[in-house]
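Note that the numbering runs from 1 along the sequence shown for the chain.
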Amino acid sequence: MTLRLLSLDVLRGIAILGILVPNITSFGLPLDAAANPLIWHENSEFSQWVWMVITLFFGQKFLSLFSMLFGAGLLLFLARAEKAGSRSGVLHLRRMIWLGLFGVLHGTLIWSGDILLSYALCGVLLWLFRNRSIRGLLIWSFVHLSIATLVFALLILMVWILSPAEQKELSQRLVPIASELQSEVQNLTGSWAERINQTSDDYIEVMGYLFPLYGYWKAMASMLIGMALFRSGFLTGQWSNRSYWITVGLTVPLPLFAEHQAIEYLFATQFLNFDAYMWYLLISIWGSTFCAMGYASLVMLFVKSSRFTSICRRLAVLGQTSFSNYILQSLIATTLFYQFGLLGEFQVSELMGFVGLIWCAQFFFTLLWLQRYRQGPLEWVWRSLTYWRLQPIEKQAEKQPAIS
């Protein structure tokens with residue numbers, strides 16, 4: 001496998017592993033408690049500190065990296081389709097439609113934190129940017145981040161003009177009452193019908209409220225940056241080590257410092273200040289995007305070093321099956337916390353143990369599968385539906401990574 005292909009798969013593999021760290025709180029706790037560690041009575045001060053560390057170093061960073069790789073994967077898919085003489089536009093649209101349907105099924109039947117439908121919607125629009133220059137892609141990414149900034153700035157201004165009584169009432173809505181949290185736990189760990197009803201309601205709220213307010217702008221900006229980084233050779237190891245180190249220095253320290261201050265502000269206000277939430281989201285939408293670039297730089301330095309070739313190849317297998325492994329994380333986690341009734345039974349710090357357990361399961365099942373087949377099961381289904389014909393799944397002499 002060439003460095004070009006290996007680097008993309010390693011980045012995907014690390015992104016998949018990193019996404020689970022903040023997501024485990026959304027799996028193991030009620031959704032509101034995952035976003036606010038102070039409202040769940042079981043969380044100790046140590047667990048609150050762990051939540052802060054996870055949010056600072058993992059929250060949205062690896063998801064941003066995954067989004068960048070989605071943008072890069074789109075360009076790679078289009079290039080391969082055009083080289084094969086296929087109608088790339090038709091294939092791309094069909095590919096996004098099926099991805100969106102997978103997302104709806106995932107978000108309503110398994111876990112409401114699904115990102116696949118969001119990616120599919122953004123992916124359709126990304127077609128319009130496929131021929132843009134590197135500079136044009138970066139400009140449009142900046143435009144998306146700027147629009148999100150404007151939205152949050154307007155929300156903050158709206159809060160400032162409210163009366164003190166109205167601000168207090170708004171802040172009280174940020175903290176759900178205990179009965180609401182307990183009802184969510186009972187529904188998700190109850191019958192199949194109760195679970196689907198709760199998951200569907202949460203998913204509709206995520207897509208109807210959070211996606212247009214935050215998710216679209218964040219994902220689209222990251223995907224456009226990913227397209228630019230792919231075209232520049234950044235994601236395929238073509239930059240010098242010095243350039244990667246400079247990128248780390250420019251994109252990691254300052255955003256982490258700014259986000260740390262925003263998180264400290266949340267704790268100082270006991271998560272009861274709408275202002276503090278908006279400032280955190282505003283800083284996070286920029287900070288996590290830049291940090292993802294810095295994290296990618298560190299991974300590229302790791303991949304280019306001959307000392308870590310063996311580790312890189314092991315990480316690459318998760319990248320080759322990133323779609324399947326993303327769903328596998330949800331299946332394992334929801335089985336543990338919903339089906340076995342463990343939801344809400346562990347503190348944030350204790351939930352980190354489940355991260356290691358799920359990582360081990362992913363490596364085990366992925367390696368077992370790839371001993372026989374050349375791509376993940378969902379990658380195969382997605383590809384077959386995209387081309388509207390069954391694709392060969394048997395292991396071949398030279399494996400090619402999935403372009404998910």
Side-chain angles (χ1 to χ4, degrees), residues 1-19 57-58 60-80 83 126 129-142 144-145 221-259 286-320 322 400-404:
M1 186 186 296
T2 65
L3 174 62
R4 176 172 176 264
L5 295 177
L6 179 65
S7 63
L8 290 173
D9 281 334
V10 172
L11 284 165
R12 283 197 194 96
I14 289 178
I16 280 292
L17 295 177
I19 285 172
F57 291 101
F58 289 87
Q60 295 296 319
K61 277 75 172 178
F62 289 90
L63 185 58
S64 296
L65 176 58
F66 201 56
S67 300
M68 291 178 185
L69 294 166
F70 184 85
L74 183 145
L75 290 180
L76 189 57
F77 174 83
L78 294 177
R80 289 178 173 175
K83 184 178 180 180
L126 282 179
F129 300 92
R130 67 192 185 283
N131 294 323
R132 294 278 179 176
S133 64
I134 294 174
R135 181 186 178 193
L137 290 168
L138 293 177
I139 289 174
W140 275 106
S141 176
F142 180 80
H144 278 78
L145 291 174
S222 297
M223 290 174 187
L224 289 167
I225 290 176
M227 294 169 74
L229 294 178
F230 179 74
R231 283 221 168 107
S232 73
F234 175 95
L235 295 176
T236 51
Q238 297 176 46
W239 285 25
S240 67
N241 287 359
R242 181 173 181 272
S243 296
Y244 284 121
W245 279 118
I246 291 175
T247 303
V248 173
L250 293 176
T251 59
V252 175
L254 183 58
L256 285 182
F257 173 78
E259 284 197 61
W286 287 88
S288 60
T289 303
F290 283 110
C291 273
M293 294 175 60
Y295 287 5
S297 297
L298 290 172
V299 174
M300 292 313 307
L301 290 165
F302 182 76
V303 172
K304 293 180 71 175
S305 173
S306 59
R307 292 176 295 177
F308 303 109
T309 301
S310 178
I311 297 176
C312 287
R313 292 190 178 278
R314 285 175 171 79
L315 290 169
V317 299
L318 295 181
Q320 293 173 29
S322 57
Q400 297 295 328
I403 51 174
S404 55

- Item | Exceeds 12 heavy-atom contacts within 6.0 angstrom, atom CZ of Phe290 |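 No - once you tally the heavy atoms of other residues, nucleotides and ligands closer than 6.0 Å, there are 12 at most.
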
- Query: Is the CZ atom of Phe142 crowded by more than 12 outside heavy atoms at less than 6.0 Å?
  - Reply: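 Not buried by this count: 12 neighbours or fewer within 6.0 Å.
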
Could you tabulate the donor-acceptor pairs under 3.5 Å formed by side-chain atoms of residues 134-141, not counting sequence neighbours?
unit_1, atom_1, unit_2, atom_2, d
Ser141, OG, Ala221, O, 2.9

Euclidean distance, [Y] [atom2] relative to [X] [atom1], rounded to 0.5 Å:
| X | Y | atom1 | atom2 | result |
| --- | --- | --- | --- | --- |
| Leu229 | Met300 | CG | CE | 10.5 Å |
| Leu75 | Asn131 | CG | CG | 9.0 Å |
| Leu318 | Ile14 | CG | CD1 | 9.5 Å |
| Phe308 | Ser305 | CZ | OG | 5.0 Å |
| Leu76 | Leu235 | CG | CG | 11.0 Å |
| Met293 | Ser64 | CE | OG | 11.5 Å |

- Query: Can you tell me if Ser243 and Ser240 form a side-chain donor-acceptor pair at under 3.5 Å?
  - Reply: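 Per modelled atom types, Ser243 and Ser240 side chains form a pair under 3.5 Å.
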
- Task: Can you run down the salt bridge (charged side-chain N to carboxylate O under 4.0 Å, His left out) pairs that involve residues 250-259, sequence neighbours left out, and say none if there aren't any?
- Result: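 Applying salt bridge (charged side-chain N to carboxylate O under 4.0 Å, His left out) to every pair that reaches into residues 250-259, excluding sequence neighbours, yields Lys61-Glu259.
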
- Item | Any pair counted as salt bridge (charged side-chain N to carboxylate O under 4.0 Å, His left out), so long as it reaches residues 245-255, sequence neighbours left out |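 Residue pairs with at least one partner in residues 245-255: there are none.
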
Quick check: do [X] and [Y] have side-chain heavy atoms less than 4.5 Å from each other?
| X | Y | answer |
| --- | --- | --- |
| Ile311 | Val10 | no |
| Lys304 | Asn241 | yes |
| Cys312 | Phe302 | yes |
| Leu74 | Met223 | no |
| Trp286 | Leu145 | yes |

- Query: Looking at residues at least two apart in the chain, or sitting in another chain, which of them share a ring pair (Phe, Tyr, Trp, His ring centres under 6.0 Å) with Phe58?
  - Reply: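 Ring pair (Phe, Tyr, Trp, His ring centres under 6.0 Å) check on Phe58 returns Phe62.
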
- Go through the steps for Leu126 and Met227 under the test side-chain contact (heavy atoms from CB on, under 4.5 Å), then give the verdict. CA-CA 9 Å; Leu126 282 179; Met227 294 169 74; 3.7 Å; yes

Please report the closest heavy-atom contact between [X] and [Y], naming both atoms and the distance.
| X | Y | value |
| --- | --- | --- |
| Val248 | Ser297 | CG2-CB, 3.5 Å |
| Leu63 | Ile19 | N-CG1, 4.0 Å |
| Thr251 | Thr247 | OG1-O, 2.6 Å |
| Ala72 | Gly226 | CB-O, 3.9 Å |
| Ser7 | Thr236 | OG-CA, 3.3 Å |
| Ser322 | Phe66 | CB-CE1, 4.1 Å |

- Item | Of Leu11, Leu224, Thr289, the residue whose pairing with Met68 passes side-chain contact (heavy atoms from CB on, under 4.5 Å) |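 Result: among Leu11, Leu224, Thr289, Thr289 is the only option passing the side-chain contact (heavy atoms from CB on, under 4.5 Å) with Met68.
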
- Item | Listed partners of Trp239 passing side-chain hydrogen bond (donor to acceptor under 3.5 Å, both in side chains), at least two apart |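 Once residues adjacent in sequence are excluded, Trp239 has no partner under the side-chain hydrogen bond (donor to acceptor under 3.5 Å, both in side chains) criterion.
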
- Task: Report the residues that fulfil side-chain hydrogen bond (donor to acceptor under 3.5 Å, both in side chains) with Ser310, sequence neighbours left out, ordered by chain and then residue number.
- Result: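 side-chain hydrogen bond (donor to acceptor under 3.5 Å, both in side chains) list for Ser310, sorted by chain: Arg314.
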
- Check: Ala228 main-chain N/O paired with Arg132 side-chain donor or acceptor under 3.5 Å: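 The answer is no, because no donor-acceptor pair under 3.5 Å joins these two groups.
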
- When you measure from the side chain of Tyr244 to the backbone N and O of Gly294, does any donor-acceptor pair fall under 3.5 Å?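 It does not hold such a pair.
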
